[in-house]
Protein chains: 2
Amino acid sequence: MTSETRPTDSPVSERALHFLKALVERYIREGQPVGSRTLAKDTGLDLSPATVRNVMSDLEDLGLVVSPHTSAGRVPTVAGYRLFVNSLLTWRAPSEDDIASLRTRFDVRTDAKSLIETASTLLSGITHLAGVVMLPRHERNVFRQIELLPLSEKRVLAILVTSEGEVHNRIMGTERSFTPSQLEQASNYLNQMFTGQDIGEVRKRLLDELKHAHASMDQQMIRAAALAQEVVEAAESRDDCFIAGQTNLMEFGELASMDRIRQLFDIFNQKREILHILDRCIAAEGVQIFIGEESGYALLDDCSLVTTSYRVDDRVVGVLGVIGPTRMDYQRVVPIVDVTARLLAAALRQ
Amino acid sequence: MTSETRPTDSPVSERALHFLKALVERYIREGQPVGSRTLAKDTGLDLSPATVRNVMSDLEDLGLVVSPHTSAGRVPTVAGYRLFVNSLLTWRAPSEDDIASLRTRFDVRTDAKSLIETASTLLSGITHLAGVVMLPRHERNVFRQIELLPLSEKRVLAILVTSEGEVHNRIMGTERSFTPSQLEQASNYLNQMFTGQDIGEVRKRLLDELKHAHASMDQQMIRAAALAQEVVEAAESRDDCFIAGQTNLMEFGELASMDRIRQLFDIFNQKREILHILDRCIAAEGVQIFIGEESGYALLDDCSLVTTSYRVDDRVVGVLGVIGPTRMDYQRVVPIVDVTARLLAAALRQ
DNA sequence: TTTAGCACTCACCACCGGAGAGTGCTAACA
DNA sequence: TGTTAGCACTCTCCGGTGGTGAGTGCTAAA
């Protein structure tokens, strides 16, 4: 499954592609511009450096490689990587060791949150890049049970359990105090009303009820509904995202200036932009690769993302992947991301 | 409250101390070795550089300052900082702005976890250092209510609420399945048994019961107790710790080498060592300052910690502080840490 | 079409030398 | 005796210089 064969009338010859492949692989390995002499030896085609130079010149005209300065070798451009990834890449299956360590660390018995954490730690550990796992809004998230507990005078603890066995809780101050039995009554009422319904739906209905609070409901009920409203909102807006192994990125020369690293880390801390990019991968089938500027964020210009969604029972429940320099080892990384997604999905399905 | 006055027969003269103070303040401001000429101007004592040199030479003999190389100025040693902090420091009260931004951001209505997060973000934002907030094991943590919910065949969700309105939950697989009513019965039983008791106590009693599971308990009860045991352990061992603004540390020249920063970030990610240091501050009264190697961790040699515990109703509930280079602005930072602790405590007390 | 040869370019490195900042020491001074 | 001026010395930092090596583009021959 090396590549789709390209039409022979393609603007770039079969041989040139062969060189491009060798160049990208070499550059990924060494991290330094590749010269004609090196490349001539690498391909095994027994051609002189001069010939290689001519080919490289063509590739440069096509915008697939550039040389950083007159007398340096060539480096792939984003278009070059793209071509490489799309049709030149040979996958390299993850090593036994890697698979083993993935398998053993995904303990089925832990809860979703720590699985997510483990996944991103593992990803970063194995790939030596930054691992990221996102847990997006569920489209389908069901109200399962609510519990209202008095905590102290005028403070109520609301606990909401949703379909995935996730627990959301919030402490809320109230102006007037509830008696324990009032709270119990209220939670019974809410449970009767909403159990089994979609969270989004529940939120809407609660809002409605609060608006036209009809005479039939007593005051306490209305206030209980307000409490429920709050915790339901918390449950809806939650989308978590873990990033692990950020420090791995410091190893890569091309990112290793203080300013650059600081920018990157700041992006990671805010998470917003990352979430935004990952959001775009939810729908996609299979592994997605964003190279350099393709992510659409100037600050990730010299980085690539490799992501894939993971599914439980054919429903997408999240996205995971890695972030690293454009010069990452796609052949190795892509399969690892793929496998991790599968194993995480399996662990989540139980 | 500039300083405790030192005994006049102290090995280091009043004037020398004055110089030391000026030197430390200058070095903290500029970050560069301070020379005799500069210092002579700084103190306003109208002495020649030569005289200053003599004094500096004395201070060097006492191990309070060093010069990085022959023809550089002097830099405070750890002992120098220590002396400065103990008896030369003039506190600088936080600015109106800082206090205001602290006050408004501590919204009483949010739960403990997000308060903690806010606190560390604020600390780092205001001081331009890394902010850290720890939520240690409570000595007094009370079992309030447990809830066991069937999630699917052979999976049970256990939710435990403890005294502080904190919610712990865990999903557990069971070999045989429970009926909903069995679970309800079990949770009622557990609640009756344990409500109001200390968590540590509960854990012990559960262990006991499991060991000598007496005939009087039916099989299901025993298995329910095992579930409870798990979530109780989770509740006991929890000690969280947030670190924010790590990237601020990259601004400081003395830490700004890739290797150093990477080490630091790795330490922060592990959290273990940090927690360990913070643990030592729990008992202490008031603001604690660890300068350089005083923290006991070689990897934090060129860093200082400023921490204090925060209390609710005279019980220590946590520790917070900042981490930065030894050359941090103690005069400003210490009061800020102090105030933040008070405000956080107030917000937690409600 | 491929190759050898050649002139040229550029980054990298080691080296040199001067400028500037700061020191320690000594001797003179109040 | 404490303070100061003077002086030689040390060390960092910076800019310039020159050589080396890697690599290129171009041209002309095979």
Side-chain angles (χ1 to χ4, degrees), chain A residues 8 11-20 22-24 26-27 29-77 80 253-254 256-257, chain B residues 8 11-20 22-24 26-27 29-77 80 253-254 256-257:
Chain A
T8 45
V12 39
S13 77
E14 206 63 51
R15 191 177 66 170
L17 287 180
H18 185 72
F19 278 119
L20 179 61
L23 181 138
V24 174
R26 177 104 197 179
Y27 182 66
R29 232 182 13 250
E30 314 269 322
Q32 271 169 4
V34 186
S36 52
R37 164 184 244 84
T38 328
L39 206 48
K41 280 187 210 143
D42 249 28
T43 56
L45 286 191
D46 195 34
L47 288 172
S48 81
T51 314
V52 177
R53 281 206 284 281
N54 291 330
V55 179
M56 297 316 274
S57 184
D58 296 346
L59 288 177
E60 185 150 13
D61 291 343
L62 291 168
L64 297 170
V65 299
V66 274
S67 60
H69 60 264
T70 334
S71 90
R74 302 299 208 299
V75 163
T77 61
E254 56 267 54
S257 90
Chain B
T8 45
V12 41
S13 78
E14 206 62 53
R15 191 179 65 167
L17 287 180
H18 185 73
F19 278 119
L20 179 61
L23 181 137
V24 175
R26 177 104 196 176
Y27 182 66
R29 230 178 19 246
E30 315 268 323
Q32 270 168 5
V34 186
S36 52
R37 166 184 243 85
T38 327
L39 206 48
K41 281 187 210 147
D42 249 29
T43 55
L45 286 190
D46 197 34
L47 289 171
S48 80
T51 315
V52 177
R53 281 207 283 280
N54 291 331
V55 179
M56 298 315 278
S57 184
D58 295 347
L59 288 177
E60 185 151 11
D61 291 342
L62 290 168
L64 298 171
V65 299
V66 273
S67 61
H69 61 262
T70 335
S71 89
R74 303 297 209 299
V75 163
T77 62
E254 55 267 54
S257 88

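Every chain is numbered from 1, with letters handed out A, B, ... down the list of sequences.
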I want to check one thing: is the phosphate of D:dT4, taken as OP1 and OP2, less than 4.0 Å away from some side-chain N or O of B:S48? yes
Take the protein atom CD of A:Q32 and the nucleotide atom C1' of C:dC12, then report the distance between them rounded to whole Å. 12 Å
Side-chain atoms of B:H69 come closest, of D:dG23, C:dT3, D:dT12, to D:dT12
Rounded to whole Å, please give me the gap between CG in B:D46 and C1' in D:dA5. 15 Å
For A:S13 and A:A16, indicate whether the former's side chain and the latter's backbone hold a donor-acceptor pair under 3.5 Å. yes
Whole-Å gap separating C1' (C:dG24) and CG (B:D58): 13 Å
What about A:S71, does its side chain sit under 3.5 Å from the base of C:dT9 through a donor-acceptor pair? yes
Does D:dC26 have OP1 or OP2 sitting under 4.0 Å from an N or O in the side chain of A:R53? no
Does a side-chain N or O from B:T51 land closer than 4.0 Å to OP1 or OP2 of D:dT3, or not? no
When you measure from the side-chain N and O atoms of B:R37 to the phosphate of C:dT23, is any distance below 4.0 Å, counting only OP1 and OP2? no
For a quick test of reading the model: is some side-chain N or O of B:S36 closer than 4.0 Å to OP1 or OP2 of C:dT23? yes
Rounded to whole Å, please give me the gap between CD in B:E60 and P in C:dG24. 7 Å
Phosphate OP1/OP2 of C:dT1: any A:R15 side-chain N/O under 4.0 Å: no
B:T77 side chain to B:L64 main-chain N or O, any donor-acceptor pair under 3.5 Å? yes
With nearest nucleotide decided by heavy atoms, which residue, B:N54 or A:A72, maps closer to the 5′ end of DNA chain D? B:N54
Roughly, in whole Å, what's the span from CG in B:L47 to P in D:dT1? 19 Å
Interatomic distance, A:R26 CZ vs D:dA22 P [rounded to whole Å]: 13 Å
Does the side chain of A:P68 come within less than 4.5 Å of A:V75's, by heavy atoms? yes
Quick one: does B:R74's side chain get under 4.5 Å of B:V34's, heavy atoms only? no
What is the distance, to the nearest angstrom, from the CG atom on A:L39 to the C1' atom on D:dA22? 15 Å
Are B:R74 and C:dA21 close enough that a side-chain N or O sits under 4.0 Å from OP1 or OP2? no
Going by heavy atoms in the side chains, are B:R53 and B:L39 under 4.5 Å from each other? no
